[in-house]
Amino acid sequence: MKVSIPLTCFVLCAASSHVSAQPTLKESFQNYFLIGAALNESQFSERNAAEAELVKRQFNAISPENVMKWEAIHPTPDTYHFGPADQYVAFGEQNKMFIVGHTLIWHSQTPRWVFQDDKGQPADRAILLERMSGHIHSVVGRYKGHVKGWDVVNEALADDGTLRETPWMKIIGDDYIEKAFEYARDADPDAELYYNDYSLEDPAKRAGAVALVKRLQAAGIKISGIGTQMHVKLDRPSAQLVDDTLGAFGELGIKVNITELDVDMLPAAIKENGAGVELNAAPSPALNPYPDGLPPSAQQALTDRYATLFALFVKHRSAIGRVTFWGVTDADSWLNNWPVRGRRNYPLLFDREGNPKPAYASVIETATQANPSAL
Ligand code: GLA
């Protein structure tokens with residue numbers, strides 16, 4: 001079905017007594033799982049009023065795209081920059097949304113000083129643990145009772161499922177993960193605490209994640225959920241791998257969250273070179289094949305991909321707590337600028353004007369077609 005309701009209609013229709021016949025995402029999945037979106041500042045500050053309305057209408061969970069990352073919220077040793085995060089949390093509370101905190105301990109978007117002592121030399125275990133504890137207590141403590149779930153540790157696994165050699169791991173040791181979860185539990189005993197990572201559908205990395213969760217559980221460490229980011233392609237990971245992964249995570253007895261869903265529609269542009277991964281390669285027509293919109297065949301492929309994914313989420317709904325998209329409209333997506341700047345990507349359910357794409361209807365259909373008695 002081709003749906004084309006201008007975004008202004010969302011605003012006007014929401015303001016008037018007219019109710020659109022199209023069910024919303026959060027209504028459609030209300031008996032299954034929460035539906036979330038990662039928000040940027042222009043959305044949660046409502047500077048972009050149209051997108052803020054779209055968020056209120058469609059989603060009942062939110063994640064902060066950047067404002068709670070270490071470099072944003074704690075830029076220098078003695079400075080916390082809470083303003084935008086406060087505004088993000090206020091937006092969620094005003095709209096009765098499930099508010100996610102993202103992310104406490106990660107190797108990326110974390111300032112260099114975190115890993116250094118006050119002379120600029122590499123920090124030792126004691127210094128880094130103290131810094132980790134201070135950061136987690138300050139940030140989680142500030143939003144205690146308001147942020148309902150935290151991505152405590154992000155991306156701690158390498159592709160082969162072993163622990164990634166981040167500065168956290170090298171300086172503190174493998175137990176930096178246990179420590180982070182303990183500090184977070186101390187700072188807000190009622191918040192849900194998650195481990196979050198990408199490519200967890202790859203069997204080796206999935207096995208590493210399962211082992212990590214079991215390790216924490218065996219040590220009596222509180223862990224409430226595992227987040228699989230699901231930044232996916234049209235053809236990868238396969239439906240079978242997604243199914244297997246949701247099944248395996250479901251057996252861990254904790255919530256399974258899809259935390260950063262999007263479907264990259266553009267050719268892969270990451271090249272492995274001697275120095276590692278090459279990012280921000282120069283844009284070229286071959287790397288940016290849809291500057292004027294998706295042709296019907298690509299639109300259909302996106303629609304089918306979303307239908308397949310959501311059919312699997314519905315199948316595993318008893319384990320899944322939340323499905324969150326990484327962005328709201330195609331205009332906001334990080335995939336327009338990563339790994340190549342200035343491309344035109346189409347990874348989400350709403351187009352650049354905020355209109356639902358055909359994939360939106362296919363997603364909604366998976367909810368209405370589900371047969372609860374099959375559970
Ligand atoms: C990772 C992080 C997110 C975000 C996305 C892409 O998956 O967890 O915070 O940076 O990449 O933007």
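Every number for a ligand or one of its atoms is a count from 1 in the order of the listing. Excluded from the calculations below are hydrogen atoms, water molecules and symmetry mates; all remaining heavy atoms, backbone and side chain alike, are included.
- Residue Gln229 has at least one N or O atom closer than 3.5 Å to an N or O atom of ligand 1.
- Judged by the 6.0 Å distance and 45° axis criteria, Arg322 is not positioned over the aromatic ring of Phe98.
- Considering only non-hydrogen protein atoms, atom 10 (O) of ligand 1 sits nearest to Lys69 NZ, 2.9 Å.
- Contacts between Trp338 and ligand 1 below 4.0 angstrom, taking non-hydrogen atoms only, are absent altogether.
- Checked against a 3.5 angstrom limit, the closest N/O atoms of Asn196 and ligand 1 fall outside it.
- The distance from the OH atom of Tyr32 to the CD atom of Gln30 is 10.0 Å, given to the nearest 0.5 Å.
- For ligand 1, none of its N or O atoms has an N or O atom of Glu65 under 3.5 Å away.
- Contacts between Tyr198 and ligand 1 below 4.0 angstrom, taking non-hydrogen atoms only, are absent altogether.
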How far apart are the C-alpha atoms of Tyr306 and Tyr360, what are their side-chain angles, what is the distance that settles it, and do they pass the ring-ring contact (aromatic ring centres under 6.0 Å, His included) test?
-> CA-CA 8 Å; Tyr306 265 116; Tyr360 176 92; over 10 Å; no
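- Of all the heavy atoms of Thr103, none lies under 4.0 Å from any atom of ligand 1, so neither backbone nor side chain is involved.
- Contact check on Lys205 versus Asp160 returns no salt bridge, with no Lys/Arg side-chain nitrogen under 4.0 Å from an Asp/Glu carboxylate oxygen.
- Residues Ile221 and Glu182 meet the side-chain proximity criterion, which asks for heavy atoms closer than 4.5 Å.
- Interface of Trp106 with ligand 1, defined as ligand atoms under 4.0 Å from a residue heavy atom, comprises 2 (C), 10 (O).
- Of all heavy-atom pairs between Ala301 and Leu234, the closest is O-CD2, 3.6 Å.
- Residue, atom and distance of the protein heavy atom nearest to atom 9 (O) of ligand 1 are His102 NE2, 2.5 Å.
- Among protein heavy atoms, the minimum distance from atom 5 (C) of ligand 1 is reached at Glu260 OE1, 3.4 Å.
- Between Trp334 and ligand 1, no pair of N/O atoms sits closer than 3.5 Å.
- Atoms of ligand 1 lying under 4.0 Å from any heavy atom of Asn154, numbered from 1 in the order shown and given with element: 2 (C), 8 (O).
- When all heavy atoms are compared, the tightest approach of Met68 to Val100 is SD-O, 4.4 Å.
- Partner of Ile105 under the side-chain contact (heavy atoms from CB on, under 4.5 Å) criterion, out of Trp150, Trp168, Tyr183: Trp168 alone.
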